[in-house]
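Okay, so here's the structure we're looking at.
All values derive from a computational prediction rather than experimental measurement. Letters go in sequence order (proteins before strands), and every chain restarts at 1.
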2 protein chains.
Amino acid sequence: MAITGWQAARDEALRRIRARDWPPGGRIPDEADLAAEWGVARATVNRALRDLAEAGYLERRRKGGTRVPLTPVRKATFAIPIIRQDIEARGQTPGYRLLSDRSDTVPAALRDRLGDGPMRHVTALHLADGTPYCLEDRWLSPRVAEGIRFDTLSANEWLVGNVTFSEGTLAFHAIAADAPLAQTLGCDPGAALLAVDRETRDQGPITWVRLIYAPGYRMETGL
Amino acid sequence: MAITGWQAARDEALRRIRARDWPPGGRIPDEADLAAEWGVARATVNRALRDLAEAGYLERRRKGGTRVPLTPVRKATFAIPIIRQDIEARGQTPGYRLLSDRSDTVPAALRDRLGDGPMRHVTALHLADGTPYCLEDRWLSPRVAEGIRFDTLSANEWLVGNVTFSEGTLAFHAIAADAPLAQTLGCDPGAALLAVDRETRDQGPITWVRLIYAPGYRMETGL
DNA sequence: TGTCGCAATAAGTATATACATATTATCGCC
DNA sequence: GGCGATAATATGTATATACTTATTGCGACA
């Protein structure tokens, strides 16, 4: 078994996992043994197995060794685009219109995540070739982006470049357009819309945002 | 500047990026210089910068050096759940009902991704505490899962454990329930539903699946 | 002036070695 | 037999060194 390079080692390990040479729930040989068997350094095996562990194919613990999970949880990484870039990547011309920007009391549904003080509430419409593309409905912690105006620059774009995205959650769901939403997005009432909620925090809440896309929008990603 | 460990090196690099010490679009010192400055080995710097590059904070090219992207594209990793586990994690009892399993011609919309030969077409309903949870509409390459019956075991579950997820795409979108879909999922016609399309390929197509979730479903993930 | 090829460069990788650290396993003691 | 201290162990990390490779940029040549 001639292995050269950590990627080859990773591929061989993955082959064994899939071939059930290393059965689910079982423990695999330790790094030193694999290094000897494959004729590579232990650091190379380490890199290969660490990579597989990050992808969810293996579970590793100090002293406990490395095992194949009974139910592998596959992990997908996908890029969170800046909306403007997203539009440009489709070959369309981005547009932006600020709808409102004021201090407001946080709705009850968000109060447990954002606290109950007043927060800055920004709504804006993103356009592609002049037609509505995405509605941005954002709550901002007052101390973030203090004094920044979002007339021409979207909060989306400002935040991506200026804030640590150290922690947070992301959620996809579908909502039906009510009358005002339909009017804003220029679609039929009742249309099915993709919504993405994103919460960002870093020792306290930073921002909560819901992006509601025009009908037909697909958010795609490589696996 | 006392740096010990690759994580400290990564943190210091990230601090400089955020503090604009290393401005967007600019090139940062090369690994050897940083290693000397921080008093660590180049391999340690490499690990740190590689990590930041994987997260989207830096762009690295051989010979070209390392630079701070003008518009950082943040990357989120999230786990793709097995439906049954997803339901169990909510404290509900999973159920499964196979609706159809037959060879069929691929619809025109999928033909460019799957080819135009006949493929195995499996539809099934996942239940949570007896109520419809998710409709699975799957096209399978005939050579995959040959002879496997999906009466009691869902294709979703079988594939996660048995197939290389080496390549593929993932897309989220929203669709409105038509009459038959509404009946299957037990919801009102016109309801907004979250749909997830997933295509898996490994030197040729393996499977294409659309999961359509019951109204109100949110797919959540850490960032 | 343009372009082709070569040299310089910075990241990518491999290796042996050494030590750190989290866990597990074991042994002795009560 | 239970429990706690201790030893054993597999992975995690750091280091110096050496070589590889993609890419850039420069210089020679047409």
> With sequence neighbours excluded, what pairs up with B:A19 under the side-chain contact (heavy atoms from CB on, under 4.5 Å) test?
Replying inline: B:R15, B:D21
> Can you name the residues that form a ring-ring contact (aromatic ring centres under 6.0 Å, His included) with B:F172, not counting sequence neighbours?
Replying inline: A:F172
>> Does this structure show an ion pair linking A:R10 with A:D51, if we count only N-O contacts that are shorter than 4.0 Å?
In response: yes
> Of all residues at least two apart in sequence or in a different chain, which pass the side-chain hydrogen bond (donor to acceptor under 3.5 Å, both in side chains) check with B:S141?
Replying inline: none
>> At a heavy-atom distance below 4.0 Å, which nucleotide of DNA chain D is the first touched by chain B, and which is the last?
In response: D:dT13 to D:dT24
> So which one's nearest nucleotide on DNA chain C is more toward 5', A:T4 or B:P29?
Replying inline: B:P29
Short heteroatom pairs, N/O only, protein and nucleotides 4-10 of chain C, under 3.5 Å:
unit_1: C:dT9; atom_1: O4'; unit_2: B:K63; atom_2: NZ; d: 3.3
unit_1: C:dA10; atom_1: O5'; unit_2: B:D30; atom_2: OD2; d: 3.3
unit_1: C:dA10; atom_1: N3; unit_2: B:K63; atom_2: N; d: 3.4

> OP1, OP2 of C:dG12 versus side-chain N and O of A:Q7: anything below 4.0 Å?
Replying inline: no
>> List the residues meeting side-chain hydrogen bond (donor to acceptor under 3.5 Å, both in side chains) with A:D197, not counting sequence neighbours, and say none if there are none.
In response: A:H173, A:R210, B:R218
> Who are the side-chain hydrogen bond (donor to acceptor under 3.5 Å, both in side chains) partners of B:E31, not counting sequence neighbours?
Replying inline: B:R42, B:N46, B:R60
> Going by heavy atoms closer than 4.0 Å, what residues in residues 40-55 of chain B are next to DNA chain D?
Replying inline: B:V40, B:A41, B:R42, B:A43, B:T44, B:R47
>> Once side-chain contact (heavy atoms from CB on, under 4.5 Å) is applied, do any residues pair with A:A13, and if so which ones, sequence neighbours excluded?
In response: A:W22, A:W38, A:L49, A:L52
>> Once side-chain hydrogen bond (donor to acceptor under 3.5 Å, both in side chains) is applied, do any residues pair with A:R67, and if so which ones, sequence neighbours excluded?
In response: none
>> Applying side-chain contact (heavy atoms from CB on, under 4.5 Å), can you list everything that pairs with A:R62, at least two apart in sequence or on another chain?
In response: none
>> Going by the rule side-chain contact (heavy atoms from CB on, under 4.5 Å), which residues pair with A:T44 if we only count those two or more places apart in sequence or in a different chain?
In response: A:W6, A:V40, A:A41
